[in-house]
Amino acid sequence: DAGVTQSPTHLIKTRGQQVTLRCSPKSGHDTVSWYQQALGQGPQFIFQYYEEEERQRGNFPDRFSGHQFPNYSSELNVNALLLGDSALYLCASSLNGGPTYEQFFGPGTRLTVL
Amino acid sequence: AQSVTQLGSHVSVSEGALVLLRCNYSSSVPPYLFWYVQYPNQGLQLLLKYTSAATLVKGINGFEAEFKKSETSFHLTKPSAHMSDAAEYFCAVSRYTGTASKLTFGTGTRLQVTL
C-alpha cells in the first residue's frame with residue numbers, strides 16, 4: 001500500500017515564476033492538506049481540499065491556490081514566486097469523517113526560489 | 001485559537017540517557033495533541049497522539065507522552081536515548097470538528113544524541 005507521494009522532490013525557480021506541486025494521497029484517503037515548512041520552522045497550514053473544493057485555508061495570500069482531482073490527488077500552485085516562498089512543501093492525506101489525528105504526510109517537495 | 005509552545009529548540013543527551021522534550025498547549029476546547037518526528041530531508045512521521053482517552057500515551061520507538069490538563073502540557077519522554085533518535089521533533093494540536101481538521105505545529109526541538 002503506497003503512502004502519500006509527492007512530486008517533484010526538488011525544484012528551483014526564480015522570482016516571479018509560477019510553480020505547481022503534486023500530491024497523491026494514501027490509498028483510501030479523500031482529503032488532502034498542504035503545509036509550508038520554512039527552514040528551522042514548524043509546518044504552517046496552507047489549505048485543505050475535500051470533494052474537489054477548498055474546505056479550510058490558513059493565513060496565506062491568494063498567490064497560493066490548489067486543486068483536487070476526482071481521483072483525490074491534488075496540486076498546489078504558487079504564482080509570482082518570492083524569495084520567501086523557499087520552503088519544504090508537505091502534503092498530508094486523511095479520510096473525511098475519520099479521526100482528525102489520522103493525517104499521513106508525504107516526503108515533501110523542496111522549493112528553492114532564486 | 002489553538003497553539004503549542006515547545007521549550008528548547010535544541011536538546012542534547014547522551015546515548016542511554018533520558019529524553020525529555022517539552023510541549024505546552026493553549027486551547028479553548030479539549031485538544032487533540034500529537035508528536036511528530038522528522039528525519040533529515042524527510043516528511044513527518046507520527047510518533048503518538050492524545051485523543052481524550054488515556055492520559056499516558058505510548059507511541060512508536062519507545063516514546064511516550066503524558067497529557068496533564070492542570071499544567072497544559074504534553075511532554076515527550078523516552079527512558080533511554082539511542083543514536084537513531086537524533087531528529088527534529090514537533091508537537092502539534094488539533095481540534096476535531098467532525099471533519100479532518102488542520103494541525104497547528106510548534107517550532108520544533110532538535111534532539112542530538114551523543115556517545
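Just so it is clear: chains get the letters A, B, ... in the order the sequence lines come, proteins before strands, and each one is counted from 1. These numbers were taken from a predicted model, which means no experiment stands behind them.
- The ring-ring contact (aromatic ring centres under 6.0 Å, His included) search around Y39(B) returns none, not counting sequence neighbours.
- Here the closest non-hydrogen pair linking F90(B) and G42(A) is CE2-CA, 3.4 Å.
- Within a 6.0 Å radius of CG in L114(A), other residues, nucleotides and ligands contribute more than 12 heavy atoms.
- Residues F105(B) and V32(A) fall into different hydrophobic clusters, defined by Ile, Leu, Val, Met, Phe, Trp and Tyr side chains chained together at heavy-atom separations under 4.5 Å.
- Of the two parts of Q37(A), only the side chain, counted from C-beta on, holds a non-hydrogen atom closer than 4.5 Å to a non-hydrogen atom of chain B.
- By the neighbour-count criterion of 12 heavy atoms within 6.0 Å, atom CZ of R57(A) is densely surrounded, having more than that number from other residues, nucleotides or ligands.
- Under the side chain to side chain contact (heavy atoms under 4.5 Å, CB included) criterion, P40(B) pairs with no residue at all, not counting sequence neighbours.
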Identify each donor-acceptor pair in which a side-chain atom of residues 7-20 of chain B lies under 3.5 Å from a protein atom, sequence neighbours left out, and give them as a table.
none

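- No continuous path of hydrophobic side-chain contacts links L95(A) to Y50(A) [ILVMFWY only; heavy atoms under 4.5 Å].
- Between Y35(A) and L44(B), every side-chain heavy-atom pair lies at or beyond the 4.5 Å cut-off.
- Atom CD of E88(B) sits about 10.0 Å away from atom CD of Q41(A), to the nearest 0.5 Å.
- The hydrophobic cluster containing L56(B) does not contain F63(B), counting ILVMFWY residues as joined when their side-chain heavy atoms lie under 4.5 angstrom apart, directly or transitively.
- A distance of 7.5 Å separates CZ of F104(A) from CG of L46(B), quoted to the nearest 0.5 Å.
- By a heavy-atom distance cut of under 4.5 Å, L88(A), L90(A) are the residues of residues 71-90 of chain A near chain B, going up by number.
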